[in-house]
Amino acid sequence: MTDKAPVTVEQGDRFLLVKRGLYYRPGNQGYTGIKDRAGRYPESDASPEDGITAIHEDDAPEYSQACFADLKEKHMLGKIAALEEEIKRLREALTPSGSTKAAYHGEFAFNLHRIDDCGDEYVEKVYVPWDTVKQIMKAILARTALEGRGS
């Protein structure tokens, strides 16, 4: 059994089932202490007389009461690594470079309404210059406080 089973949710199945401090996995296929890996069930599947309670997914802690410390730590480290990778991708996307210039230059334009020498109106498509795109990227970096932080 893998620990990466996708969690599918039917409409109305918004509860995690808990037994002996652990969440039921999807399809009643064992137990997990990690909310992300828990199945979602209708509240009516709880059976308090059998020690099975239901907790709404919005109220359930990320790690159940009986979650093993080593699994909790491994899961947290994985989430941290994923967030660090996302920050890296976002920073790269907002840093002027050859690859961002190739991606963004010529992507942004606006229509300028003009009148020619004969008095006829026409629309000219004006592309935002790369220097302006770089200024926008710099402003976004500053606004999101990514500028100047670690790697």
A.B. asks: Between CG of Asp45 and CD1 of Ile52, what distance do you get to the nearest 0.5 Å?
C.D. replies: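 That separation rounds to 9.0 Å.
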A.B. asks: Less than 4.0 angstrom from a charged side-chain N to a carboxylate O is my criterion; do Glu124 and Arg114 meet it?
C.D. replies: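 The answer is yes: the pair qualifies as a salt bridge.
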A.B. asks: Give a yes or no answer on whether the side chain of Lys35 reaches the backbone of Ala60 with a donor-acceptor pair at less than 3.5 Å.
C.D. replies: yes
A.B. asks: How many angstroms lie between CG in Leu16 and CG in Leu22, if you round to the nearest 0.5 Å?
C.D. replies: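 Here the interatomic distance stands at 12.0 Å.
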A.B. asks: For Arg25, does its backbone N or O pair with a side-chain atom of Thr32 as donor and acceptor, under 3.5 Å?
C.D. replies: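 Checking the backbone N and O of Arg25 against the side chain of Thr32, no donor-acceptor pair under 3.5 Å is found.
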A.B. asks: Is atom CD of Glu62 surrounded by more than 12 heavy atoms (other residues, nucleotides or ligands) closer than 6.0 Å?
C.D. replies: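 Yes, CD of Glu62 has more than 12 neighbouring heavy atoms, counting only those of other groups under 6.0 Å.
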A.B. asks: Might you work through the side chain to side chain contact (heavy atoms under 4.5 Å, CB included) test for Lys138 and Gln135, ending with a clear yes or no?
C.D. replies: CA-CA 5 Å; Lys138 184 177 180 180; Gln135 291 172 353; 5.6 Å; no
A.B. asks: Please check if the number of heavy atoms outside Lys72 that lie under 6.0 Å from its NZ is greater than 12.
C.D. replies: no
A.B. asks: Would a 4.5 Å heavy-atom cut-off, applied to side chains only, mark Thr53 and Leu17 as touching?
C.D. replies: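 Answer no - side chains too far apart.
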A.B. asks: Within a reach of under 6.0 Å around CD of Glu92, are more than 12 heavy atoms found that belong to other residues, nucleotides or ligands?
C.D. replies: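 Yes.
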A.B. asks: Looking at Pro26 and Ala38, what are the two nearest heavy atoms and their distance?
C.D. replies: CD-C, 4.0 Å
A.B. asks: What about the rings of Tyr31 and Tyr24, do their centers lie closer together than 6.0 Å?
C.D. replies: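 Tyr31 vs Tyr24: aromatic centres under 6.0 Å.
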A.B. asks: Is the backbone of Arg91 close enough, under 3.5 Å, to the side chain of Thr95 for a donor and an acceptor to pair up by distance?
C.D. replies: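 Checking the backbone N and O of Arg91 against the side chain of Thr95, a donor-acceptor pair under 3.5 Å is found.
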A.B. asks: More than 12 non-hydrogen atoms from neighbouring residues, nucleotides or ligands closer than 6.0 Å to CG on Asp117, yes or no?
C.D. replies: no
A.B. asks: Tell me, do Val18 and Ile55 make a side-chain contact under 4.5 Å, heavy atoms counted?
C.D. replies: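 Contact flag for Val18/Ile55 side chains = yes.
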A.B. asks: Do you reckon Met137 sits in the same ILVMFWY cluster as Phe110, going by side-chain contacts under 4.5 Å, direct or chained?
C.D. replies: yes
A.B. asks: Looking only at heavy atoms, which two atoms of Tyr104 and Val133 are closest? And how far apart?
C.D. replies: CB-CG1, 4.1 Å
A.B. asks: If you take all heavy atoms of Pro61 and Tyr23, which pair is closest and at what distance?
C.D. replies: O-OH, 2.7 Å
A.B. asks: Is any side-chain heavy atom of Glu73 less than 4.5 Å from a side-chain heavy atom of Leu77?
C.D. replies: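 Yes - at least one pair of side-chain heavy atoms lies under 4.5 Å apart.
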A.B. asks: Please tell me whether Tyr63 and His75 have a donor and an acceptor in their side chains that are separated by less than 3.5 angstrom.
C.D. replies: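 Yes, a side-chain donor-acceptor pair sits under 3.5 Å.
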A.B. asks: Looking only at non-hydrogen atoms, find the nearest pair between Tyr122 and Asp116 and report the distance.
C.D. replies: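 Taking Tyr122 first and Asp116 second, the nearest heavy atoms are CE2-N, 3.6 Å.
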A.B. asks: As an exercise, state the distance from CD1 of Ile34 to NZ of Lys79, rounded to the nearest 0.5 Å.
C.D. replies: 9.5 Å
A.B. asks: Taking Glu84 first and then Arg89, would you say they form a salt bridge - that is, a charged N and a carboxylate O separated by under 4.0 Å?
C.D. replies: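 Arg89 and Glu84: not salt-bridged.
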A.B. asks: As an exercise, state the distance from NZ of Lys88 to CD of Glu86, rounded to the nearest 0.5 Å.
C.D. replies: 13.5 Å
A.B. asks: Report yes or no: do Ser99 and Ser97 form a side-chain donor-acceptor pair below 3.5 Å?
C.D. replies: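 Yes, side-chain donor-acceptor contact under 3.5 Å.
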A.B. asks: Can you tell me how far apart CZ (Arg40) and NE2 (His56) are? Round to the nearest 0.5 Å.
C.D. replies: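 Answer for the CZ-NE2 pair, Arg40 versus His56, is 9.5 Å.
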A.B. asks: Roughly how far, to the nearest 0.5 Å, is the NZ atom of Lys134 from the CD1 atom of Ile136?
C.D. replies: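 The distance works out to 12.5 Å.
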A.B. asks: Would you call Phe15 and Ser44 a side-chain contact if the rule is heavy atoms closer than 4.5 Å?
C.D. replies: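 Heavy-atom side-chain distance check fails, nothing below 4.5 Å.
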A.B. asks: Is the closest basic N to carboxylate O distance between Lys19 and Asp50 below 4.0 Å?
C.D. replies: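 Not counted as a salt bridge, because no side-chain N and carboxylate O are separated by less than 4.0 Å.
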A.B. asks: Donor-acceptor check, side chain of Gln29 to backbone of Gly27, threshold 3.5 angstrom: yes or no?
C.D. replies: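 A pair under 3.5 Å: yes.
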A.B. asks: Test side chain to side chain contact (heavy atoms under 4.5 Å, CB included) on Thr132 and Tyr127 and set out the steps.
C.D. replies: CA-CA 10 Å; Thr132 303; Tyr127 288 93; over 6 Å; no
